[in-house]
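Taking it in order: structure first as structure tokens, then the write-up.
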Amino acid sequence: MMKKLLLYFLFIIFSLATFQANAQDFSIQQADKYFERTYYSKAIPLYEEAITRKSEANSIRNLANAYFYTFDLKNAEKWFRFLLKNNKELMDDAHIFKYYQSLKAQKKYELADTVFQNHLLEASEKNNYLQSVVYLENVEAIGERYTLKNLPVNTEKSEFFSGVYQDQVLISSTKEQKGLFAKIYYWNNLPYLNLYSIPSDSIETENSKLFAEELTTKLHESNAVFTKDGKTVFFTRNNYLNGKKEKDTAKVTQLQIYSAQLENEKWTNITLLPFNHKNYSCEHPALSNDGKTLYFASNKPGGFGGFDIYKVNTSDFTSPQNLGELINTPKKEQFPFIDAEGNLYFSSNGHPGFGLLDVFIAKPTTNGFQKPDNVGLPLNSSYDDFAFYIDPKTKDGFFSSNRPSGKGSDDIYQIHETKPLIIEDCYQFLKGKVFDKTTQELLTNAKVVLFENEIVIDSLTTDATGAFSFKINCSSSFQVIATKKKYTKDEKSFNTSSQRKKENLAELYLLSEKAIAERKQQELDREKERLQQQKIEQEKAQQEKVKQIINNEPSIVTKNDKTFIETEPIYFDYDLWYIRKESRKTLNKVIALLQKYPKMKIEIGTHTDIRGNNNYNLELSQKRSDAVMEYFNENGINLERLKSVGYGETQPIIHCETEDSCTEEQHEINRRCEFVIKSFN
């Protein structure tokens, strides 16, 4: 019995698991069908109910796409991120771009930038991408160009600007219609769009009303443009005419452009324009000022990407021409508008922008349009910004956006342009003056050369006020050099920041050749004066030192401006120059003094009496001096400290007229050896 119960419970559990698995498979299959028919709002809950992280990756990708198309970008990001990590093979460039846009819409710019560079950017496109980053910084630097006002007509559903007709503003809205036309658009689970109008002078007070019942169907109507006489309208509608709906091969009713004529205050003769096709969309008509050209967006085959902007002659509406790769990109270009001055405005997610669709302007040329520019902030946001209109005279207009700060899915904003669109690279100023360094006078006609990253980029001469000025790049390295004839140069180096229009100041001082010569002479004079003063101080110090030595040494005496080493008499034998033994004791005392003062220099001067021949006496006295000097040298005194001079009878102490006029003692006094101190250092 127990065994039978166990088998029964296992059967129940298995049956429930099988039923649950089958139910999940059925839900996913049903969700896939809804997805293929673009019923995204119906597909999402079925996917969410049945899908797991182990489900088929294709179904997970459908769920991510469904969230993206219904602007639930937080959930779109979650599932795209999951696929990129776990099923990268399903994340082709188109889906990675959706992931990138989902990140940008949530202002996760750093992560979005990483995704773009790692997965979408070819090496050859790197420079263009870096330029686009700088470009958006330049657009952002303009600041807020418009004032924005969210209009009272907006609801929690979707309203967006769709045209101007006479004194009325047309809007497309998903507000519910009663009766026959009450139908839900399963793309976003909202009612289908219809055209409504509000008097332009009471747009903030009155409610909108259905623009033309005869143009209204159970499907979408939006974006109308009128000929100048107001009798012809071109508008967007799903492929539906005379109660018959046309579908493409995927069973999707594409958008098409129709025309209608006003007769007896009713719009009649609703006609599908000939360039339409059931397998692709044509939408958002716009007219040139002369009415000869109709512009529109289409995803027809042969274009550059998702949606491109085309033009067609209104005389026959055949052979539409693509506006070319300057306007169109591999992504989406939609919602064209031509203002009264011929400027083309459109929305794109392919040109450098701040989020999903941004509004761009392309100015007219003789054969087309210039490269478009982003119209800037705060009109453009991280979400879709589209359906732009402006009067170039009053600068007033409208645009639409699904930014989260609005009231509903899409909102209409009234705008007023307050700043011109001037897009400039970040720049700063370098201003300064050139001075004479000596006189501080301003120097005119001085040449000033500007280097950026060691390359000459500009040069000028100073004006009458000695001033110069350059416009320079942000975030770079610069050097400025000033020169003038008969002057030395001066230079300064600096780096600029990323702050726009900052003023950098530089004062340069040049030294004249005359001032240089004067400065050199002054330096020489100062050096000469310093050396002279040093010499005086040294002499004073030496004098003080000599004075101290003389005071400390009794044997050193000064007589008749000469300083001597005073010793006992040193005698030589008559007519001889050899040093006598008894004289050596006296000489040793001199040697001891020379050793005590090792820098002392002396002159050894010997003298004779007048007896004998003068020349002989000179020779004899020199020999005696040389003998004393030789004795000193033998006892360790360097010859460089010694000088020997024989004076003969030329410098007697006692003057003798004749040999006999002096006594022997007096002659002996004249026969002497003197040690004159010449210097102490």
Side-chain angles (χ1 to χ4, degrees), residues 160-165 170-172 195 220-228 232-237 255-259 273 275-276 280-300 303-314 317 319-351 353 356-365 367-375 379-380 384-392 397-401 410 412 415 421:
F160 60 88
F161 175 82
S162 284
V164 173
Y165 178 62
L170 271 61
I171 68 172
S172 295
L195 284 170
H220 288 306
E221 281 85 27
S222 69
N223 301 94
V225 64
F226 301 84
T227 55
K228 286 187 176 180
T232 301
V233 62
F234 302 96
F235 64 99
T236 303
R237 175 196 285 175
L255 294 173
Q256 311 281 256
I257 296 177
Y258 297 79
S259 67
L273 296 182
F275 54 77
N276 290 285
Y280 53 81
S281 285
C282 295
E283 58 190 24
H284 314 147
L287 277 172
S288 61
N289 291 321
D290 59 11
K292 294 180 179 180
T293 305
L294 182 76
Y295 295 86
F296 63 95
S298 178
N299 60 350
K300 64 183 294 185
F304 290 94
F307 275 86
D308 285 0
I309 297 176
Y310 292 82
K311 66 177 181 178
V312 66
N313 196 307
T314 56
F317 296 103
S319 304
Q321 295 180 12
N322 189 296
L323 292 193
E325 62 182 349
L326 201 62
I327 300 298
N328 295 311
T329 71
K331 307 306 178 187
K332 289 195 299 186
E333 281 70 45
Q334 296 172 296
F335 297 95
F337 161 67
I338 303 291
D339 72 7
E341 294 178 351
N343 296 306
L344 168 65
Y345 290 88
F346 63 96
S347 291
S348 170
N349 64 0
H351 293 285
L356 303 181
L357 288 174
D358 273 18
V359 177
F360 292 82
I361 177 177
K363 295 182 178 181
T365 64
N367 57 354
F369 295 96
Q370 295 179 5
K371 184 178 180 180
D373 278 314
N374 191 298
V375 300
L379 193 145
N380 286 324
D384 276 340
D385 305 294
F386 60 99
F388 181 91
Y389 168 86
I390 196 166
D391 183 332
F398 304 92
F399 85 106
S400 307
S401 178
D410 295 309
I412 303 170
I415 63 171
L421 182 61

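Hydrogens, waters and symmetry mates play no part in the numbers below; they use all other heavy atoms, side chains included.
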Next on the checklist: Please report the interatomic distance CG(D384) to CZ(F399), rounded to the nearest 0.5 Å.
Outcome noted: 11.5 Å
Next on the checklist: Ignoring hydrogens, what is the shortest heavy-atom contact between I327 and H351? Give both atom names and the distance.
Outcome noted: O-NE2, 2.6 Å
Checklist outcome for this item: Rounded to the nearest 0.5 Å, the CG atom of L356 sits from the CG atom of N380 at a distance of 11.0 Å
Item to check | Smallest separation among heavy atoms of F226 and L287, with atom names | outcome: O-CD1, 3.5 Å
Next on the checklist: Closer than 3.5 angstrom, by distance alone: can the side chain of T236 be matched with the main-chain N or O of E283 as a donor-acceptor pair?
Outcome noted: no
Checklist entry - Would a distance-only check, ignoring hydrogens and angles, find a side-chain to backbone donor-acceptor pair under 3.5 Å from S400 to I412? => result no
Checklist outcome for this item: For K292 and D290, the nearest pair of non-hydrogen atoms, with its separation, is N-OD1, 2.9 Å
Checklist entry - Between P336 and A286, which heavy-atom pair has the shortest distance, and what is it? => result O-CB, 3.4 Å
Checklist outcome for this item: Nearest heavy-atom approach of V359 to D385 is CG2-O, 3.5 Å
Next on the checklist: Treating N289 as the side-chain partner and A340 as the backbone partner, does any N or O pair qualify as donor plus acceptor under 3.5 Å?
Outcome noted: yes
Checklist entry - Considering only heavy atoms from C-beta outward, does the side chain of P364 approach that of N343 to under 4.5 Å? => result yes
Next on the checklist: How long is the straight-line distance from CD of E333 back to CG of L344, given to the nearest 0.5 Å?
Outcome noted: 10.5 Å
Checklist entry - side-chain contact (heavy atoms from CB on, under 4.5 Å) between S172 and L195: does it pass, once the steps are laid out? => result CA-CA 5 Å; S172 295; L195 284 170; 3.8 Å; yes
Checklist entry - Heavy atoms, side chains only, cut-off 4.5 Å: are L294 and L273 in contact? => result yes
Checklist outcome for this item: Correct closest heavy-atom pair for Y310 and S298 would be CE1-O, 3.8 Å
Next on the checklist: Can you classify the ring geometry of F275 versus F317 as parallel (below 30°), tilted (30 to 60°) or perpendicular (above 60°)?
Outcome noted: tilted
Item to check | Interatomic spacing from CZ in F307 to CG in N349 - rounded to 0.5 Å | outcome: 11.0 Å
Next on the checklist: Suppose we screen for ring-ring contact (aromatic ring centres under 6.0 Å, His included). Which residues come up paired with F386, at least two apart in sequence or across chains?
Outcome noted: F160, F335
Checklist entry - Mind checking whether F235 and Y258 have parallel, tilted or perpendicular rings, split at 30° and 60°? => result parallel
Checklist entry - With distance as the sole test, does S162 use its side chain to make a donor-acceptor pair with the main-chain N or O of N223 at under 3.5 Å? => result yes
Checklist entry - Run the side-chain contact (heavy atoms from CB on, under 4.5 Å) check on F388 and S347 step by step: do they pass? => result CA-CA 8 Å; F388 181 91; S347 291; 5.8 Å; no
Item to check | Distance (rounded to the nearest 0.5 Å) between Q321 CD and K311 NZ | outcome: 5.5 Å
Checklist outcome for this item: Separation between CG (L255) and OH (Y280), nearest 0.5 Å, reads 13.5 Å
Next on the checklist: Has S348 got a side-chain atom pairing as donor or acceptor with K332's backbone, closer than 3.5 angstrom?
Outcome noted: yes
